[in-house]
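No experiment lies behind these values; they were computed from the predicted model shown.
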Amino acid sequence: MNTRPQFDVFLAHNSLDKNQVKAIHEKLKRRGLNSWLDDEEIPPGQPFQDVIQEAIPLVKSAAIFIGLDGLGRWQILELRSLISQCVEREIPVIPVLLPGVKQIPEELVFLKEFRWVSFSQRIDDDHTLDLLQWGITFKKPERVVENERPGRIPTKSADVKQIRFISELQTRLIIDKQVHDLTRDEEFAEFDFIGFKQTSLTLDFVAFKKADGLNERQIVQLCDKFFEITQMVSYDFRLRPLARMPNSLLGLIFEDECPNYLIDFIKKQTKISNWGKSAVLVTWVIHLKQKQIYTHNNPVSLLPPVVILEGSVFPGLDYLKSFLSAYRS
């Protein structure tokens, strides 16, 4: 297979912004640039993510379009995978703000390290197109006077590594465990991934959060928020299990060193609700550098008895250990 770059830029976007992105695609073509657009490159019936994985080696840069509707559900997965591969292949990343968007959303804070371009008023803005062309080609058009080229090659920072880890885990949980993904909902924006699965006897929740730099108060707030969600979602979706309280796991992901006192603190964050709004939550530390998982150390017991063992907390200690050991940071 020929893996030499054949496209100047990959256009990552929300399907709700398709018309605007297509218009920019056509303008780039008129400037002699060859851009990768899903509508033109993905045949019907082909797995979307597989084709994107194959496309990355064929592009010289990537443009991330952010519109008023934010990121689509699959665009979030696509973006995390895309950034990870851009790191590995040293491909420049250019955030592109579509009309009406004033700044990069907080949930995409890692994109703020790149200089973005902004179609602040309209798509047919030649100056913004000049900037985008500069970011794609590394050649500054004569009309551009700025000194800093848009976008840059992402570095292997903690944010990028953790986005990759959580993205890969998220994808595997959706495929292997049939998790219903709630991540896109703004109501759950505190978490990098959150989802649930219903079985005949249980309702299993899971959430993961990049935790480097968090303090005890912030960790407690996350636990409280997730605990509330496990109760709220079960009633909103009418998913109360038959005879069991929901299992819920909050995995706090550390790429840098996590001090022992914080590990001990996190392990104690078990929560049990009253029977009227049944819910159980435990917290684990997942340490990427050490490839170690630290599990909760509180007994979980209530009448009627509820026992959550390390191996049975959704999605399971053995499953996460296997994934962590295979993960290459």
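When every heavy atom of V101 is checked against every heavy atom of S118, the shortest pair comes out as O-OG, 4.2 Å. Of all the heavy atoms in L320 and F208, the pair that sits closest is CD2-CZ, 4.2 Å. Considering all non-hydrogen atoms of both residues, V280 and F227 come closest at N-CE1, 4.2 Å. Pairing each heavy atom of C258 with each of H287, the nearest pair is N-NE2, 3.3 Å. Nearest heavy-atom pair across D212 and D256 is OD1-N, 3.1 Å. When all heavy atoms of I263 and V285 are compared, the closest pair comes out as CA-CG2, 4.2 Å.
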| Check against side-chain contact (heavy atoms from CB on, under 4.5 Å), I175 and L173 | CA-CA 5 Å; I175 295 172; L173 288 175; over 6 Å; no

| request: In sequence, state the C-alpha distance, the side-chain angles, and the governing distance for D264 and Y294, and then conclude on side-chain hydrogen bond (donor to acceptor under 3.5 Å, both in side chains). | output: CA-CA 9 Å; D264 291 338; Y294 300 91; over 6 Å; no

| task | Carefully, step by step, assess K29 and N34 under the rule side-chain contact (heavy atoms from CB on, under 4.5 Å). | result | CA-CA 6 Å; K29 284 173 61 175; N34 188 16; 6.0 Å; no

| field | Steps toward salt bridge (charged side-chain N to carboxylate O under 4.0 Å, His left out) verdict (K22, D17) | value | CA-CA 9 Å; K22 274 189 173 181; D17 301 317; over 6 Å; no

| message | Checking F226 against L222 for the side-chain contact (heavy atoms from CB on, under 4.5 Å) test, could you report, in this order, the C-alpha distance in whole Å, the side-chain angles of both residues, the deciding distance, and whether it holds? | response | CA-CA 6 Å; F226 186 41; L222 279 172; over 6 Å; no

| Can F193 and V206 be said to form a side-chain contact (heavy atoms from CB on, under 4.5 Å), step by step? | CA-CA 8 Å; F193 170 61; V206 64; 4.0 Å; yes

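Here the side chains of V96 and L132 are in contact, with some heavy-atom distance below 4.5 Å. Annotation: side chain of L33 is in contact with side chain of T137 (closest heavy-atom distance under 4.5 Å). Side-chain contact between L28 and D8: absent, with no pair of heavy atoms (C-beta onward) separated by less than 4.5 Å. F138 has its side chain out of reach of S61: every pair of non-hydrogen atoms, C-beta onward, lies at least 4.5 Å apart. The closest side-chain heavy-atom distance from T295 to L317 is below 4.5 Å. Side-chain contact between I136 and K60 is absent, with no heavy atoms from C-beta onward closer than 4.5 Å. F254 is listed as a side-chain neighbour of L262, based on a closest heavy-atom distance under 4.5 Å. For the pair L324 and L288, the minimum side-chain heavy-atom distance is below 4.5 Å.
Screening I266, L252, L250 for a side-chain contact (heavy atoms from CB on, under 4.5 Å) involving C223 leaves a single residue, L250.
A distance of 5.5 Å separates CD1 in I219 from CG in L214, rounded to the nearest 0.5 Å. Within the model, atoms CG of L98 and CZ of R122 stand 14.5 Å from one another, a figure rounded to the nearest 0.5 Å. In this structure, the separation between CH2 on W284 and NZ on K267 is 12.0 Å, given to the nearest 0.5 Å. A distance of 11.0 Å separates CD1 in I166 from CD in E168, rounded to the nearest 0.5 Å. Between atom CD1 of residue I194 and atom CD1 of residue I229 there is a gap of 4.0 Å, rounded to the nearest 0.5 Å. With rounding to the nearest 0.5 Å, the separation of NE2 in H127 from CZ in F119 is 10.5 Å.
With a 6.0 Å cutoff to the six-membered ring centre and a 45° limit on the axis angle, K197 does not count as a cation-pi contact of F205.
A donor atom on one side chain and an acceptor atom on the other are found under 3.5 Å apart for D181 and Q170. Side chains of H25 and S35: a donor on one and an acceptor on the other come within 3.5 Å.
Using a 4.0 Å cut-off between charged nitrogen and carboxylate oxygen, K27 and D126 do not count as a salt-bridge pair.
Note: W36 and F7 have perpendicular aromatic rings, judged against thresholds of 30 and 60 degrees for the angle between ring planes.
Residues F165 and F323 place their aromatic rings such that the two centres sit under 6.0 Å apart.
Between the side chain of S325 and the backbone N or O of K321 there is at least one donor-acceptor pair closer than 3.5 Å.
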